[in-house]
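Below: the structure, in structure tokens.
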Amino acid sequence: MLKTQKNGLNNMTDYKSTLNLPDTLFPMRGDLARREPQMVARWQAQKRYEQIRLAKQGKPKFILHDGPPYANGDIHIGHAVNKILKDIIIKSKTLAGFDAPYVPGWDCHGLPIELQVEKKHGKSIPPAQFRELCRAYAKEQIERQKKDFIRLGVLGNWDHPYLTMDFKTEADIMRALGGIYQHGYLYQGYKPVNWCLDCQSALAEAEVEYEDKVSTAIDVAFEVKDNHALGKAFGVSLPADASVHAVIWTTTPWTLPANQAVCVHPDLEYDLIKTPKGYLILAYDLVVTCLARYQLSGSNDRGDGIAASCKGSALEGLLLQHPFNDRGVQIICGDHVTLEAGTGLVHTAPAHGLDDYFVGLKYNLPTDNPVGADGKFAATVPLVAGLFVWKANDVVIAALQTRGQLLHLEKVKHSYPHCWRHKSPIIFRSTPQWFIGMDNVGTSEKRDIEQLIREKRAHAAKPEMPEAGTLRDMANKAVEQTRFFPSWGRARLEAMIKNRPDWCVSRQRNWGVPMPLFVHRETGQLHPRTTELLEQVALLVERDGIEAWFSLNSVDLLGAEARNYKKLSDTLDVWFDSGATHASVLQRREELRSPADLYLEGSDQHRGWFQSSLLTGCAINGRAPYNALLTHGFVVDGSGYKMSKSKGNVIAPQKIFDTLGADILRLWTASTDYSGELTISDEILKRVVESYRRIRNTLRFLLANIADFDVQYHALPVAEWLEIDRYVLTRLHKLQLEMKNHYSDYEFHLVVQKLQNFCSEDLGGFYLDILKDRLYTAGADSVARRSAQNALFHIAHSLIRLMAPILSFTAEEAWEVLNGHDDQSVFMGEWYSLPDPELDESSIDAWLKITAWRAKVNKQLEEARSAGLIGSALAAEVDVNVAGSDYDVLARLGDDLRLVLITSRASVHRVATEAEQHIDVSASLHDKCERCWHYRDDVGADILHPTLCGRCVSNLYGNGEARRYA
């Protein structure tokens, strides 16, 4: 109960008991780490999420689709940031009048789980049992992660999340593959893919990261076999026995056994140079650097040493001798050849590089791959049989040296692709895989994509833009139609779509969604009833999970045809699993829909989930499965370094919410500009705690001073409010509009800035500071006090809602105190509808000037306090000497001016010019009122109350003081 004044006094000096002192159940100390888990338990018992969904039935939908975290290991600070940002959006949209369900999900298949199971149970486990162990492990990890996500205050359908290992979801992932096949984008090809030697599996583009690597760079001489043909190309005559070599440069000597050609650019100029080691063919622009590297004499100034020159196109078809294998290789032309490094002639091994593969299609070069899944050369490969690729480097180099064909060798440090799991260098390795083609036109029939590529590239001297209707073209159009937060995400995704190769979706794994396809043993063609068969398999998987495919006897579906068809053992890339959730989740869950309004993930997902979702969406439905993408940065420590156990700079979210509380973590997340790196440290968290305390103290003041306020009985028409109360209502209107707009634009750091500034400046530093005297000393039921409480009531209702998406625990706690019961959530309502302040612009401008003059007076009061002239501001008397219209602004306040300045007396005097403006501060010579602490000349004027001022006597026993402005 609010402590209010008594009708009479038993002790004439007990004036403190006559004050309207604040009182509230909302504690000053949040004690978040202890109290938040209790709140979570209560929300779960009350089915708070379900209550909100029921309250929002019939509202417009807003769908944020959850990018599934991987079900492996405890959540880290990046997970926390991601889930908190999503929760802020869901809750802000809920308050904005949307029905915004949140269905969390998990990615459950793939290699990391396999590795964990192998680590615990070994590798010699029957496949079916191994998959069951993987499923059990994923389930256990999901429960661990779910507990922490809920602890963060994230509201969602935690009892019914989506899991990519749910039987129905696995079946729908298969159906998504079937849709892509039906539209003609799925094909089998024998082409180089990213291959991890540790995983012994193909990698998706999103599973590759680039790190520095030291490699051996070599310049190798390929002998020209036909000097007559060479002379014709260069327009010179050479002796038949002249030693002539085309020189290539490579950082992967181990790929030379698979060399099938040497590539030149058709439009570059090449020189035939006479050197002490014979004639060399080099690109004109690189002659000087190459000869210097080889320590040979010669030049490219078209003078001494230059025998002849020609365009690269003239060299096409020239036959060379492989440097150590007994076969010839030809010179071919390709637009991928550059002058950035090397010799201008490129060693070409279609089995080990995409550029090599594509130019090889044009020339029908073989793509024979001599390297096994384990990274070792086949036993039939000359020179390097059985060797691991990295060890083969030394053997190849030694052979070149022995044959006199190694012109130069050096170590170079360069950016090189690595497996993101093992952090080890990968290789390009040609294998039979299944791909989603980027550059073919979609159709309802299966197409021979490799044949299309061959036809297209055979007539192309330069790269072409894709034809209209290709998957790449559709994806580019979809990107154009997507909103990006921040905006730079558009250019990043556009660049990745423009340059990405076909998507290799097949994997040679055990724990994954299988590709339910039957391939003819002789022709390699898919079964003509593939679509029908795929649906039959999907129905089995809905019932029994992926084991239904792995245990399937082909005869059960194919009958006698089974002898002619091979059942695929490949599984789908896990990025396909999550990328197809628009089909397996959004289109399947009744409360969701596709396309989603928003996908939100870290900035690495432009090459991951954003892209896999885009490609599957376009391939199946002809559009992106989202209308907007939001990207957040990574978390770094106070020095800007990535979180790393080895560095010892990891800050676990569990530690934060167990010690400081989840609302502190939520406030830090929201206050940080997520468009860049998010910096966290103990020192930063301390500052966040201080910011939280200021916000909490503001809330406590609001709630404590309206404890005896009942809006049903004490509401006043706004026109009857004191003017300062109406002014603060205008400030609240402005704040609420700005914060709602920032929420709508996902600018949460600006939301926090506006909230903090309003609490500390508009309220704490101005309005509430002025209000204390009126709240505490005016009559409990006076118009002056009820006016203030009306304003505080509206401020509390607005602020609690505005902070709720971010400070969810604190807002719900305050909401319970404000409304007097704990079974209603702030999220069941909407943004607060504020009354009209009924204050004209001139009055608003006047209060802005008053605020500015108050700041000037406060500065003078502080100087007087420092000089020892006064103690508190109430011990001072102020004379403000003002010129122009500012005099009228201050003078109209009359005696209320001292209440605004919080001094015992304040007078305003007109001066002629702004140069004459000044403020005089003096110590009051009057007695101090025991009750209100003002120094007044009428203290003791009432002999019954010798220690009170006239104002307090009137407020206690008379009609009360008259206030108009403050």
Side-chain angles (χ1 to χ4, degrees), residues 1-29 697-710 713-714 722 724-725 764 767-793 817 820 865 870-877 895-896 898-906 923-963 966:
M1 292 294 293
L2 188 75
K3 300 172 184 175
T4 59
Q5 57 200 33
K6 300 178 181 178
N7 291 327
L9 291 173
N10 296 324
N11 182 343
M12 296 301 292
T13 61
D14 186 20
Y15 292 116
K16 182 177 180 180
S17 63
T18 70
L19 297 172
N20 311 305
L21 296 179
D23 191 22
T24 180
L25 295 175
F26 189 78
M28 179 181 296
R29 186 170 178 268
N697 286 341
T698 301
L699 270 184
R700 188 171 189 274
F701 184 95
L702 296 173
L703 296 171
N705 283 285
I706 57 174
D708 68 328
F709 178 81
D710 188 328
Y713 300 105
H714 302 137
L722 272 63
I724 193 173
D725 300 331
Y767 181 63
L768 301 184
D769 198 26
I770 296 169
L771 210 59
K772 290 174 184 175
D773 180 83
R774 181 162 31 127
L775 287 169
Y776 301 163
T777 69
D781 199 34
S782 64
V783 171
R785 183 166 178 270
R786 292 305 186 195
S787 172
Q789 287 184 311
N790 271 262
L792 295 183
F793 174 83
V817 173
R865 186 181 293 110
I870 59 172
S872 69
L874 284 174
E877 296 184 356
D895 196 46
D896 282 7
R898 69 183 180 91
L899 302 175
V900 172
L901 300 180
I902 314 180
T903 58
S904 288
R905 180 185 65 78
S924 178
L925 301 178
H926 302 298
D927 291 334
K928 177 181 178 181
C929 174
E930 183 179 349
R931 182 172 180 269
C932 70
W933 295 5
H934 283 242
Y935 292 76
R936 302 293 293 171
D937 59 1
D938 58 357
V939 172
D942 189 319
I943 59 173
L944 294 178
H945 305 285
T947 60
L948 297 186
C949 66
R951 175 175 81 115
C952 283
V953 172
S954 177
N955 284 335
L956 286 173
Y957 310 110
N959 295 326
E961 65 178 317
R963 292 178 184 239

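All values reported here derive from a predicted model rather than from experimental measurement. Just the heavy atoms: all of them, side chains too, but no hydrogens, waters or symmetry mates, feed the values below. Numbers for residues simply follow the sequence, beginning at 1.
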**OP:** Sequence neighbours left out, what passes side-chain hydrogen bond (donor to acceptor under 3.5 Å, both in side chains) with Ser782? Give chain and number order.
**Re:** none
**OP:** Name all residues meeting the ring-ring contact (aromatic ring centres under 6.0 Å, His included) criterion together with Phe793; count only those two or more places apart in sequence or in a different chain, and write none if there are none.
**Re:** Phe709, His797
Original post:
Is a side-chain donor or acceptor of Arg905 paired with a backbone partner of Glu877 at a separation under 3.5 angstrom?
Top reply: no
Subject >> Non-hydrogen atoms of Leu775 and Ala788 that approach each other most closely >> reply: CD2-CB, 3.7 Å
Original post:
Atom CG of Leu899 and atom CD1 of Ile770: how far apart are they, to the nearest 0.5 Å?
Top reply: 9.0 Å
**OP:** Looking only at non-hydrogen atoms, find the nearest pair between Ala906 and Thr903 and report the distance.
**Re:** CB-OG1, 3.8 Å
Original post:
Is there a donor-acceptor pair under 3.5 Å between the side chain of Arg700 and the backbone N or O of Phe26?
Top reply: yes
Subject >> From Leu771 atom CG to Tyr776 atom OH, the distance as rounded to the nearest 0.5 Å >> reply: 9.0 Å
Subject >> Interatomic spacing from CZ in Arg936 to CG in Asp927 - rounded to 0.5 Å >> reply: 12.5 Å
Subject >> Donor-acceptor under 3.5 Å (Arg774 side chain, Ala784 main chain) >> reply: yes
**OP:** For Cys952 and Cys929, work out which heavy atoms get closest and say how close.
**Re:** SG-SG, 3.7 Å
Original post:
So, Asp725 side chain and Ala791 main chain: donor-acceptor pair closer than 3.5 Å or not?
Top reply: no
Subject >> CG/Asn959: more than 12 non-hydrogen atoms of other groups inside 6.0 Å >> reply: no
Subject >> Lys928 vs Leu874, side-chain contact (heavy atoms from CB on, under 4.5 Å): CA-CA, chis, key distance, verdict >> reply: CA-CA 9 Å; Lys928 177 181 178 181; Leu874 284 174; over 6 Å; no
Original post:
Do you know which two heavy atoms are closest between Thr24 and Leu703, and how far apart they sit?
Top reply: OG1-CB, 3.9 Å
**OP:** Kindly compute the distance separating OH (Tyr957) from OG1 (Thr18), expressed to the nearest 0.5 Å.
**Re:** 6.5 Å
Original post:
Going from SG on Cys932 to CG on Leu19, what distance comes out if it is rounded to the nearest 0.5 angstrom?
Top reply: 9.0 Å
**OP:** Might you point out which heavy atoms bring Ala966 and Leu722 nearest each other, and give the distance in Å?
**Re:** C-CD2, 3.5 Å
**OP:** Could you name each residue pair satisfying salt bridge (charged side-chain N to carboxylate O under 4.0 Å, His left out) that touches residues 939-962, not counting sequence neighbours?
**Re:** Asp773-Arg951, Arg951-Glu961, Glu961-Arg963
**OP:** Using side-chain hydrogen bond (donor to acceptor under 3.5 Å, both in side chains) as the criterion, list what pairs up with Asp938, not counting sequence neighbours.
**Re:** none
Subject >> side-chain hydrogen bond (donor to acceptor under 3.5 Å, both in side chains) involving Asp769 - partner list, sequence neighbours excluded >> reply: Arg854
Original post:
salt bridge (charged side-chain N to carboxylate O under 4.0 Å, His left out) between Asp708 and Arg786: does it pass, once the steps are laid out?
Top reply: CA-CA 10 Å; Asp708 68 328; Arg786 292 305 186 195; 3.6 Å; yes
Original post:
What closest approach, in Å, do Tyr935 and Ser904 show between heavy atoms, and which atom pair accounts for it?
Top reply: N-OG, 2.7 Å
Original post:
Can you check side-chain contact (heavy atoms from CB on, under 4.5 Å) on Val939 and Glu930, steps first, answer last?
Top reply: CA-CA 9 Å; Val939 172; Glu930 183 179 349; over 6 Å; no
**OP:** Apply side-chain contact (heavy atoms from CB on, under 4.5 Å) to the pair His945 and Leu956, showing each step before the final yes or no.
**Re:** CA-CA 11 Å; His945 305 285; Leu956 286 173; over 6 Å; no
Subject >> Distance in Å, Asn705 CG paired with Lys772 NZ, rounded so as to fall on 0.5 Å steps >> reply: 9.5 Å
Subject >> Test item: Asp937 side-chain N/O and His926 main-chain N/O as donor-acceptor pair under 3.5 Å >> reply: no
**OP:** Starting from the C-alpha separation in whole Å, work towards a yes-or-no answer on side-chain contact (heavy atoms from CB on, under 4.5 Å) for Leu792 and Leu768.
**Re:** CA-CA 9 Å; Leu792 295 183; Leu768 301 184; 3.7 Å; yes
Subject >> Set of residues satisfying side-chain hydrogen bond (donor to acceptor under 3.5 Å, both in side chains) with respect to Arg898, sequence neighbours excluded >> reply: Asp895, His934
